[in-house]
Amino acid sequence: MTTSSTESPDARTPSNFLRDLIAEDVRTKKYGNAVIQTRFPPEPNGYLHIGHAKAIFLDFGLADEFGGKTNLRFDDTNPEKEETEYVESIQKDVRWLGFDWEKLCYASDYFGQLYEWALQLIKAGKAYVDDLAAEEIRQYRGTLTEPGKDSPYRNRSVEENFDLFVRMKNGEFPDGSRVLRAKIDMASPNLNMRDPVMYRILHASHHRTGDAWCIYPMYDYAHGQSDSIENVTHSMCTLEFADHQPIYRWYIEQLGIFPSQQIEFDRLNLTYTLLSKRRLLQLVQEGHVRGWDDPRMPTLSGIRRRGFTPEAIRAFIASVGATRTNGIIDIEMLEHFQRDDLNRRAARAMAVLRPLKVVIDNYPEGKEEFVEVANNPEDPEAGTRQVPFSREIYIEQDDFREVPPPKYYRLSPGKEVRLRNAYFITAQSMVKDAAGSVIEVHCTYDPASHGGNSPDGRKVKSTMHWVSATHAISAEIRLYDKLFVMPDPSDVPEGGSYLDNLNPNSIEIVTDAKLEPSLANAKIEDRFQFERVGYFCVDPDSAPGKLVFNRTLPLKDTWAKIEKKAAS
RNA sequence: UGGGCGAUCGUUCAAUGGUAGGACAGUGCCCUUUGGAGGCACUUAUCUAGGUUCGAAUCCUAGUCGCCCAGCCA
């Protein structure tokens, strides 16, 4: 793996049962001197999301810790759902997260071998061709509490099974007319062991093998053997596959091949977030979002566009660990790790989202000067830059109140505040429009406070960001909020849909924000902290002279909290 | 009500028979040229009942609660 070692120093990886188990296998030489081998096995039927980041982190990270290797293997056994678009996006996303694979593999690479093994099982009397219809197979399977019953085709001769299966493969039968089944135990308490289907007939074109095959292996028949072929020692997957472990082992034992072992861990769940490929696909197809990479989506491509960093995601995943309990992690935990990362690394800039004009009456008309501003107070090595200042500036509408509420430290009539890195100013008067809204504030400044400190040592309560009106550049800024209003998006009253929980205000577009001129050179994907506002990154929709920013996250806002408390 | 898996602060992860600890969230204070960041402090947890043991979150038994499984999806 090729992580860029920028992990936060305090992001200790806590112990977890997976690491303990691998360590024990290494200690006891369960696989002799063979290297630890894992795999990340997505089905290319959609875009990767933050939940996959956990599997990726575990598959690649754990192997790496033990000096092992990891393959990226596409589990492409169902041609009806899989597309090349997805195999490309998946590779891009894994790399973006900071991992690289030993081998790039496909389950479809093994179709030939899997077919030979099926023939072998038939000859051994361990598999048979069943002519029952899908619906009949379901009925014969029994229920959770009642055993199933044998198919009338279960005792066909080896010769007949062999002949029928070869003809299935040769395309002599229509879709759904027959399947190949493993002969195990129709009375097993584990439904997966009641003669599971190994192959189905599908006259469908596969994204890689084209029309070479018209029978395709089922997941259970393909997965363990694919692991075995790749000498995978530890095959990690999510908890819902725990019931499949007996069948995973059965095929490997019957075939006498490399004994890969399956280990299950819990899926990642986040509050206010949907992590179901099916539903994510629906959001895209029905236009509830602008695409797979919409910055509100939990897909890796979405959060990347939103401005999240692989470093933060890795630190987050490391902190949540892996267990076998199913919980829901507070989305604020992810946001914390993202702010933590960006706070250390993001260049600062001043941007006014909702401008209010301030005229400094005693500042010479036509004069301009430059003030020196730190690019990142957290990182002196980031250096400084010169920001233009003039008689007319913009401040945030929120930073002025004609009638200040209690504990409001910002600008109000008669109050003195600091313009960051510039001067102290005091509000003197206002200009209002016909509706009575303040549209302009007139101030005076203290020339002695250049740089933001008064030589007499007097203090001000508030420091505010600003942009020189004559130098400002305009930009579009997209503000995002949670996509869903409920902590559990599926939490709906009887007959409702998770779509009812969509947040109608998940995106707000500010069309004419005022930015300091240095931002004119910002490039796509550049990340900034707009001081006192939040973290932002340049969206690919930007064009020369027309910048578009996405708000990754707002800064924590103590004042908003005070205001909210006062209101309640 | 068959089988599998699980249960520790509000949330999440640790403690691997020996002081229940960290992170997030919350609250208060300090500090601050970002009401950001940082620092300090505080609050809150071993599902229940038995048992083994000098000693149990950890081992055993029973119960309770939760999740998963009846695709020719993965």
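Numbered from 1 within each chain, the chains take letters A, B, ... in sequence-line order. Predicted model only: the values in this text are computed from it and were never measured.
In this structure, A:Gln338 atom CD and B:rA23 atom P are separated by 20 Å, rounded to whole Å. Between A:Ile562 atom CD1 and B:rG35 atom P there is a gap of 11 Å when expressed in whole angstrom units. Atom C1' of nucleotide B:rG36 and atom CZ of A:Arg410 are separated by 12 Å, given to the nearest angstrom. The CZ-P distance, from A:Arg267 to B:rC5, rounds to 19 Å in whole Å. Put simply, CD1 on A:Ile328 is 16 Å from C1' on B:rC24, counting in whole angstrom units. Going from atom CG of A:Leu18 over to atom P of B:rA14 covers 10 Å, rounded to whole Å. Here B:rG2 presents its P atom at 12 Å from CD of A:Glu146, a figure rounded to the nearest Å. When rounded to the nearest whole Å, the span between CG of A:Asp185 and P of B:rG2 equals 18 Å.
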- Task: Sugar-phosphate atoms are those with a prime plus P, OP1 and OP2; base atoms are the rest. Using that split, label each nucleotide of nucleotides 67-74 of chain B B, S or - for protein heavy atoms under 4.0 Å, 5' to 3'.
- Result: SBBBSBSB
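A:Arg348 comes within 4.0 angstrom of a base, heavy atoms only. A:Glu332 comes within 4.0 angstrom of sugar-phosphate atoms only, judged by non-hydrogen atoms across all strands, and of no base. Residue A:Gly327 is in sugar-phosphate contact alone, with no base atom involved, counting any heavy-atom pair closer than 4.0 Å across all strands shown. Counting any heavy atom pair closer than 4.0 Å across all strands shown, A:Phe316 reaches no nucleic acid atom. Residue-level contact check: A:Arg420 touches the bases, meaning some heavy atom is under 4.0 Å from a base atom. Note on A:Ser188: nothing from the nucleic acid sits closer than 4.0 angstrom, heavy atoms only.
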- Residue pair A:His223, A:Tyr248: steps toward the side chain to side chain donor-acceptor pair (under 3.5 Å) verdict: CA-CA 8 Å; A:His223 203 93; A:Tyr248 180 100; over 6 Å; no
- From CA spacing to verdict: side chain to side chain donor-acceptor pair (under 3.5 Å), A:Gln338, A:Thr552: CA-CA 9 Å; A:Gln338 189 52 73; A:Thr552 308; over 6 Å; no
- Step by step, work out the side-chain contact (heavy atoms from CB on, under 4.5 Å) result for A:Leu555 and A:Val533. CA-CA 6 Å; A:Leu555 248 31; A:Val533 182; 5.9 Å; no
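Relative ring orientation between A:His207 and A:Tyr106 is described as tilted, the plane-to-plane angle lying within the 30° to 60° band. Ring pair A:Phe536/A:Phe530 is parallel by interplanar angle, where below 30° counts as parallel and above 60° as perpendicular. Taking the six-membered ring for Trp and thresholds of 30 and 60 degrees, A:Tyr219 and A:Phe241 have ring planes inclined between 30 and 60 degrees apart.
Heavy-atom distances to RNA chain B give each of A:Ser449 and A:Lys54 a nearest nucleotide, and the one nearer the 5′ end belongs to A:Lys54. Closest-nucleotide positions on RNA chain B for A:Tyr535 and A:Arg418 were compared, and the one nearer the 5' end corresponds to A:Arg418.
Comparing the P positions of B:rA37 and B:rA25 gives an interatomic distance of 9 Å, to the nearest angstrom. Across B:rG3 and B:rU46, the matching P atoms stand 31 Å from one another, rounded to whole Å. If you take atom C1' in B:rG51 and the same atom in B:rC69, they sit 34 Å apart, rounded to whole Å. The gap from the C1' atom of B:rC24 to that of B:rA56 amounts to 29 Å, rounded to the nearest Å. B:rG10 and B:rA45 have their P atoms separated by 7 Å, with the value rounded to a whole Å. On the C1' atoms, B:rA23 is 10 Å away from B:rA14, given to the nearest whole Å. Nucleotides B:rG22 and B:rC60, compared at atom C1', are 31 Å apart to the nearest Å. Straight-line distance between the C1' atoms of B:rG55 and B:rG18: roughly 7 Å, to the nearest whole Å.
With respect to the salt-bridge test (charged N to carboxylate O, under 4.0 angstrom), the residues A:Arg324 and A:Asp266 do not qualify. The pair A:Glu311-A:Arg345 meets the salt-bridge criterion, since a charged nitrogen lies less than 4.0 angstrom from a carboxylate oxygen.
Within the structure, a side-chain polar atom (N or O) of A:Thr325 is placed less than 4.0 Å from OP1 or OP2 of B:rC13. Of the side-chain N and O atoms in A:Lys556, none sit less than 4.0 angstrom from OP1 or OP2 of B:rU34. Remark: A:Lys461 is not in phosphate contact with B:rU32, judged by side-chain N or O atoms under 4.0 Å from OP1 or OP2. Put simply, A:Thr145 has no side-chain N or O that comes within less than 4.0 Å of OP1 or OP2 on B:rU1. At B:rU34, none of the side-chain N or O atoms of A:His465 fall inside 4.0 Å of OP1 or OP2 (strictly under the cut-off). The side chain of A:Lys565 places an N or O atom within less than 4.0 Å of a non-bridging phosphate oxygen (OP1 or OP2) of B:rG28.
Of all nucleotides present, only B:rG18 satisfies the Watson-Crick or G-U wobble test against B:rC54, with each distance under 3.5 Å. With a cut-off of 3.5 Å on both Watson-Crick or G-U wobble distances, the partner of B:rG71 is given as none. The pairing partner recorded for B:rC31 is none, the criterion being a Watson-Crick or G-U wobble arrangement whose two distances lie under 3.5 angstrom. Base pairing of B:rG26: its partner is B:rC42, meeting the Watson-Crick or G-U wobble criterion (both donor-acceptor distances under 3.5 Å). Figure legend. B:rU1 is base-paired to no nucleotide; pairs are counted as Watson-Crick or G-U wobble with both atom distances under 3.5 Å. With both pairing distances under 3.5 Å, B:rA7 is matched to B:rU64 as a Watson-Crick or G-U wobble pair.
A:Glu172 and A:Asn170 form no side-chain donor-acceptor contact under 3.5 Å, judged by distance and modelled atom types alone.
A heavy-atom distance below 4.5 Å is found between the side chains of A:Ile215 and A:Phe165.
Closest to the side chain of A:Lys407, out of B:rA14, B:rG35, B:rC13, is B:rG35. Minimum atom distance to the side chain of A:Glu378 is reached by B:rG36, of the listed B:rG36, B:rA23, B:rU34.
A:Ile328 CD1 to A:Arg267 CZ: the interatomic distance, rounded to the nearest 0.5 Å, is 13.0 Å.
Applying the 90° cutoff around 0 to the glycosidic angle, B:rG21 is assigned anti.
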